[in-house]
Amino acid sequence: MESDRSATSGTAGRRPIGVAVIGFGWMGRVHTQAYTRVLHHFPDLQLRPELVAVAEEVPGRAEEAADRYGFAGTARDWRDIATDPRVQAVSVTAPNFLHREIGVAMAEAGKHLWIEKPVGLTSADARAVAKAAAGAGVRGAVGFTYRHVPAVETARELIASGGIGTVTHARIRLFSDYAAHPDAALTWRYERRRGGSGVLGDLASHGVDLARLLLGEITSLVADTAVFVPERARPTGSTAGHARSAGGEPGPVENEDHVSCLLRFASGARGVLEACRVSVGEQNAYGFEIHGTRGAVFWDFRRMNELGVSRGTAYQEQPVSTLHLGPEHGEYGAFQPGAANGMGYDDLKVVEAYRFLRSVADGTTHGATLDDAVRSAEALDAMARSAETREWVPLPVRPPGAGGP
């Protein structure tokens, strides 16, 4: 999808918007950096983000963030952000179990939301945040990062235009080793109460979003899950990211390390989605292969700026060519002047920030919405239920005229 940016740019008419970040781990830093960079890459944006406040309960972390990035104020309690009149938009990058409470509170306080997936632990959590945002009339954006990759957007256009014929089947994979080490600390991520469904919320949520974005609505699924590292050591102090904690008191891993899932789409296409957080030898091995009646597209996040394309009329032994993305693809031109100059992950979050702020500025939707988060969460709930019952589970039918990706 090519950008339809205004032909004019500059500071004339640009108005400030006070932003806050709640939770300052790695993702909080990524959001903050995106706010500081967004006008460098998108000078037509009619809002100027100003870093008003950062909230983080870990002692000293908010102050360090303020010193490094220039936040005007800090808070230990995120509730202080809700009552701060200077804050108009909030990034919610706190742990998943806090998403519902924080998201609802910020929406009800009239703050626009850029919230990380999976927007809570269940579809009920995501719906509660979406309902609060709709009731308050605020914009909501969700961190489904990979849908903003220019190669992914190009694949979507190719599929929608019939470039590979009618889609027949697809495989979506999200393999990582972030939890593969047996000494990884037993943090909130591994608890059912605070970490939800484990790898389903962490990685499979992205896979569902990509599936819907590229192939349309999922009508039913059947899934299997497993825990491959059943016990880990409890941390002895504050942790960030995926810290190790050898020698701590052992405790059980309560949520999923792995999920494999068969999907049926409204179009009649079939799909396979697999995600794992303990895949030794795999570092962020995310991607898809989508096959149609006249061709196929292939994408791997580790070669983010390339798209494998097979199309034509040969059918049998039809070759695959590599498309190196360039300025004509998606938002690539905002970062690089020529093809095959690589974009990176942090650039994708700048695109998210731009689309979020643009949605606030013009009142229309750009990028992933809270409705997309609800649909993804419904699929994750269905996966968990299917793994228990060993049966196909239908997904809720979207009513005519309802929003979509």
Side-chain angles (χ1 to χ4, degrees), residues 1-10 33-34 37-47 141 143-167 170 172 206 209-216 286-292 294-313 318-359 361-362 364-369 372 404-405:
M1 179 180 68
E2 290 192 15
S3 171
D4 58 347
R5 301 181 203 122
S6 167
T8 62
S9 62
Q33 292 176 166
R37 292 177 55 197
V38 67
L39 289 176
H40 300 167
H41 299 281
F42 300 98
D44 64 297
L45 183 63
Q46 294 305 297
L47 294 176
F144 287 125
T145 309
Y146 305 105
R147 64 159 51 208
H148 302 301
V149 175
V152 173
E153 296 187 327
T154 301
R156 185 189 187 195
E157 290 179 352
L158 183 64
I159 293 166
S161 68
I164 63 171
T166 301
V167 173
I172 299 171
H206 284 299
D209 186 65
L210 287 174
R212 293 184 58 245
L213 181 79
L214 296 166
L215 305 176
Y286 311 151
F288 55 74
E289 302 97 42
I290 299 174
H291 298 267
R294 295 199 308 274
V297 290
F298 309 89
W299 177 72
D300 188 324
F301 173 65
R302 296 168 297 182
R303 304 181 71 169
M304 188 178 87
N305 302 288
E306 301 177 9
L307 184 67
V309 179
S310 177
R311 54 179 171 173
T313 57
Q318 184 164 285
V320 177
S321 60
T322 299
L323 172 64
H324 294 279
L325 278 295
E328 68 274 22
H329 300 111
E331 304 290 4
Y332 184 101
F335 299 88
Q336 299 295 346
N341 290 293
M343 288 177 62
Y345 177 88
D346 284 13
D347 296 331
L348 301 179
K349 300 307 276 191
V350 175
V351 175
E352 270 187 47
Y354 167 62
R355 293 182 177 175
F356 167 52
L357 294 171
R358 186 179 170 200
S359 297
D362 63 23
T364 58
T365 298
H366 305 283
T369 67
D372 292 313

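- Arg294 places none of its side-chain heavy atoms less than 4.5 Å from the side chain of Thr313.
- Residues passing the side chain to side chain contact (heavy atoms under 4.5 Å, CB included) test with Ala141, sequence neighbours excluded: Trp114, Phe356.
- For Tyr146, the ring pair (Phe, Tyr, Trp, His ring centres under 6.0 Å) test picks out His206, Tyr286, Phe301, with sequence neighbours left out.
- Side-chain contact between Arg147 and Asp372: present, with at least one pair of heavy atoms (C-beta onward) separated by less than 4.5 Å.
- Annotation: the span from Phe42 atom CZ to Leu47 atom CG amounts to 14.0 Å, rounded to 0.5 Å.
- A side-chain N or O of Ser310 and one of Gln318 form a donor-acceptor pair less than 3.5 Å apart.
- For Tyr332 (side chain) and Gly338 (main-chain N/O), a donor-acceptor pair under 3.5 Å exists by modelled atom type.
- Distance check, rounded to the nearest 0.5 Å: CH2 of Trp299 to CG of Leu214 gives 9.5 Å.
- Side-chain contact between His291 and Val167 is absent, with no heavy atoms from C-beta onward closer than 4.5 Å.
- Between Pro327 and Pro337, the shortest heavy-atom contact is CG-O, 3.3 Å.
- Using a 3.5 Å distance cut-off with no hydrogens or angles, the side chains of Thr364 and His366 do pair a donor with an acceptor.
- Minimum heavy-atom separation, Gly342 to Asn305: CA-ND2, 3.3 Å.
- Atoms OG1 and CD1, from Thr166 and Ile159 in turn, are 11.5 Å apart once rounded to the nearest 0.5 Å.
- Using a 4.5 Å heavy-atom cutoff, the side chains of Arg212 and Phe144 are not in contact.
- Between Arg355 and Glu331, at least one side-chain nitrogen of the basic residue sits less than 4.0 Å from a carboxylate oxygen of the acidic one, meeting the salt-bridge criterion.
- A pairwise comparison of heavy atoms in Phe288 and Ala155 identifies CZ-CB, 4.1 Å as the closest pair.
- With a 4.5 Å cut-off on side-chain heavy atoms, Met304 and Met343 count as touching.
- Between Phe335 and His40, the ring centre distance reaches or exceeds 6.0 Å.
- With salt bridges taken as basic N to acidic carboxylate O contacts below 4.0 Å, one links Lys349 and Glu352.
- Minimum heavy-atom separation, Val38 to Val350: CA-CG1, 3.9 Å.
- Interatomic distance, CG of Leu325 versus CG of Asn341, reported as 11.5 Å (0.5 Å rounding).
- Taking 4.5 Å as the limit, every side-chain heavy atom of Val309 sits out of range of all side-chain heavy atoms of Val320.
- Separation of atoms CD1 (Ile172) and CD1 (Ile290) is listed at 6.0 Å; rounding is to 0.5 Å.
- Between Leu45 and Tyr354 there is a side-chain heavy-atom pair separated by less than 4.5 Å.
- Arg37 and Asp347 are joined by a salt bridge, as a carboxylate oxygen and a charged side-chain nitrogen come within less than 4.0 angstrom of each other.
- Residues Leu307 and Phe298 share a closest heavy-atom pair of CD1-O, 3.4 Å.
- A donor-acceptor pair under 3.5 Å is formed between the side chain of His329 and the backbone N or O of Gly326.
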